Amino acid sequence: MRTYRRAPVEFVRGEGALLWDVEGREYLDFLAGISVCSVGHCNPEVVEAVREQAGRLTHTSNLFYTEPMVRLAERLSTTSLGGRVFFANSGAEANECAIKIARKHAHRRGIAAPEVVSFERDFHGRTYGALAATPKLAENEALGPMLPGFRAVPFDDTAALREAVGEGTAAVLIETIQGESGIYPLSDETLLAAREACDEVGALLIFDEIQTGMGRTGSLWAYEQTPVRPDVLTSAKALGGGMPIGACITGPAAAEVLEPGDHGSTFAGGPVVSAAALAVLEIVDDPALLRRVRELGADLRERLLASDGVREVRGRGLMLGVGLEPEIDAAALGEELLERGLIVNVPEPGTLRLLPPLTVEPAQIERAAATIAAALLSFLGR
Ligand code: PLP
């Protein structure tokens, strides 16, 4: 269906940070399938894990145990909040699980009509629960009626958040750095206020780390670089290195909320996607790689800030939003960059979003920054 406006390019092959189209033309990919191919296209270790597992056992359903899923759950839990993990097939589905946990947890606290609080411009997905927590898209009346029990407060407005969280709050569900809306980090002050407000009323703090997680910001999880630890976190995108998998990971407070019958999925956490995710974690959960992400991110930021036409650079690690001078048409710039062989994304007017693979080479960072600088100069008529 025509749910996407696609660029006029057909890709046929990928390797590392490079893609080739059907005509054999090479592109440098600074979008990585929207932060999915974080260990690069066709990473040999991920390919081998998938190949090996696909030849041994591909599916049993969740009525049985399989080793890759158990190992993956253990690894996700021990590297984050220490509780239980529910596997899903996408980011939106991981958030559906988190919303279910929040509502059931609230009912146990005696709340009849639990409410989930998010920030304006948050993006949590397109299924009806996740959509209701995605204020901008939830305004689309043609898709209504929306699920009740969701409230949005202005972005990073600490006072408004404190005011919104009360006895009826099931959870605060937020992105620590908004991704889809253009790379906008929340302040530590607001994150601390969210933690405090949730603790005061017994609500759960849920971090959607679907875009920020898996090393993207230079730590395995973005929350590690904040003063706050959530009760639940959701992951997807880069988790499977290109294979579709999501996960809802709990801390101890939320680990036992869902019981048999409350939730499920036929495909989720299957052996092949789990084997892929284990291979990805083996690469990403490595202090040397995470340091490299921070260093390359700092280098890219500096190069971009030195370019004419760049107003600011937002974000952390290799999750960067480039704020452009107002006279520059970002959509046209994105098209021009594609023409010049560089793939970026334009999430809003005035912003380029850069999400290169975490395994990108320093020379590729230099090439991307030089391509952007040259395109900007041509746009500024210099
Ligand atoms: N949450 C965040 C922060 C996202 O960036 C996205 C996707 O862009 C989602 C949720 C939804 O993930 P999916 O498209 O896999 O359902």
Side-chain angles (χ1 to χ4, degrees), residues 1 3-6 31-38 80 86-102 116-138 140 143 147 150 152 155-156 171-186 191 194 205-217 221-223 226 230 232-249 265 267-269 273 276-277 280 314-321 344-348 351 353-355:
M1 293 183 193
T3 58
Y4 280 91
R5 275 185 211 96
R6 294 176 211 272
L31 183 57
I34 322 184
S35 198
V36 165
C37 304
S38 280
S80 64
F86 177 86
F87 287 110
N89 309 287
S90 66
E93 278 183 60
N95 283 334
E96 292 296 329
C97 177
I99 293 164
K100 270 197 184 174
I101 292 173
V116 173
V117 180
S118 297
F119 282 114
E120 285 170 7
R121 299 195 324 226
D122 260 13
F123 185 93
H124 298 296
R126 293 174 181 277
T127 49
Y128 272 97
L131 184 63
T134 300
K136 199 164 145 235
L137 299 182
N140 187 349
L143 302 179
L147 200 64
F150 291 81
F155 179 68
D156 208 17
V172 171
L173 165 60
I174 48 181
E175 301 173 77
T176 56
I177 302 174
Q178 289 187 332
E180 293 304 295
S181 71
I183 316 291
Y184 291 95
L186 274 176
L191 289 169
L205 179 60
I206 306 169
F207 283 176
D208 177 339
E209 291 238 24
I210 286 159
Q211 194 159 144
T212 56
M214 293 299 289
R216 174 56 57 193
T217 67
W221 307 108
Y223 81 81
T226 77
V232 176
L233 81 80
T234 53
S235 174
K237 285 195 182 284
L239 178 58
M243 299 295 280
I245 180 168
C248 176
I249 310 167
S265 165
F267 287 124
V273 291
V280 173
R314 305 180 294 270
R316 209 169 285 145
L318 285 170
M319 179 176 187
L320 297 178
V344 302
N345 171 249
V346 180
E348 59 167 356
T351 295
R353 177 170 56 157
L354 306 183
L355 301 161

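Ligands are counted one by one from 1 in listed order, and the atoms in each one are counted from 1 as well. Remember, predicted model here, so these are calculated numbers, not experimental data.
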J.: Spell out, as yes or no, whether a donor-acceptor pair under 3.5 Å connects the side chain of N95 to the backbone of A130.
T.: no
J.: List ligand 1 atoms under 4.0 Å from S90, heavy atoms only on the residue side.
T.: 15 (O), 16 (O)
J.: I need the N345 CG to T351 OG1 distance, nearest 0.5 Å.
T.: 10.0 Å
J.: I need the atoms of ligand 1 closer than 4.0 Å to a non-hydrogen atom of E180, numbered in the order shown.
T.: 5 (O), 8 (O)
J.: Assess the residue pair E180 and T134 against the criterion (side chain to side chain contact (heavy atoms under 4.5 Å, CB included)); give the C-alpha distance rounded to whole Å, side-chain angles, the decisive distance to 0.1 Å, and a yes or no.
T.: CA-CA 11 Å; E180 293 304 295; T134 300; over 6 Å; no
J.: Out of all atoms in ligand 1, which are within 4.0 Å of some heavy atom of Q211? Include the element for each.
T.: 5 (O)
J.: Would you say atom 1 (N) of ligand 1 touches the protein, meaning some protein heavy atom is under 4.0 Å from it?
T.: yes
J.: For ligand 1 and I210, I'd like to know whether there is a polar contact (N/O to N/O, distance under 3.5 Å).
T.: no
J.: Any idea how F207 and Y223 line up, ring-wise: parallel (<30°), tilted (30 to 60°), or perpendicular (>60°)?
T.: tilted
J.: Regarding ligand 1, does E175 bring an N or O atom to under 3.5 Å of one of the ligand's N or O atoms?
T.: no
J.: Record the part of A236 in heavy-atom contact with ligand 1 below 4.0 Å; permitted values are side chain, backbone, both and neither.
T.: neither
J.: With a cutoff of 4.0 Å, is I34 in contact with ligand 1, counting heavy atoms of the residue only?
T.: no
J.: Could you establish whether E93 and ligand 1 come within less than 4.0 Å of each other, counting only heavy atoms on the residue side?
T.: no
J.: For atom 16 (O) of ligand 1, what's the nearest protein heavy-atom neighbour? Residue, atom name and distance, please.
T.: A92 N, 2.8 Å
J.: Can you sort out which atoms of ligand 1 are near D208, meaning under 4.0 Å from one of its heavy atoms?
T.: 1 (N), 2 (C), 3 (C), 10 (C)
J.: Polar contacts were defined as any N/O atom of the residue lying under 3.5 Å from an N/O atom of the ligand; does this apply to G125 and ligand 1?
T.: no
J.: Between the main-chain N or O of G129 and the side-chain N or O of E96, is there a donor-acceptor pair closer than 3.5 Å?
T.: yes
J.: Quick one, E209 and R216 - any side-chain contact, counting heavy atoms below 4.5 Å?
T.: no
J.: When you measure from the side chain of E175 to the backbone of I210, do you find a donor-acceptor pair of N or O atoms at a distance under 3.5 Å?
T.: no
J.: Have a look at ligand 1 and work out which part of R126, if any, has a heavy atom under 4.0 Å from it: side chain, backbone, both or neither.
T.: neither
J.: Measuring from atom 12 (O) of ligand 1, which candidate in A130, P244, G91 has the nearest non-hydrogen atom?
T.: G91
J.: Donor-acceptor pair, S118 side chain versus L173 backbone, under 3.5 Å?
T.: yes
J.: Is a side-chain N or O of R314 found less than 3.5 angstrom from the main chain of I183, in a donor-acceptor match?
T.: yes
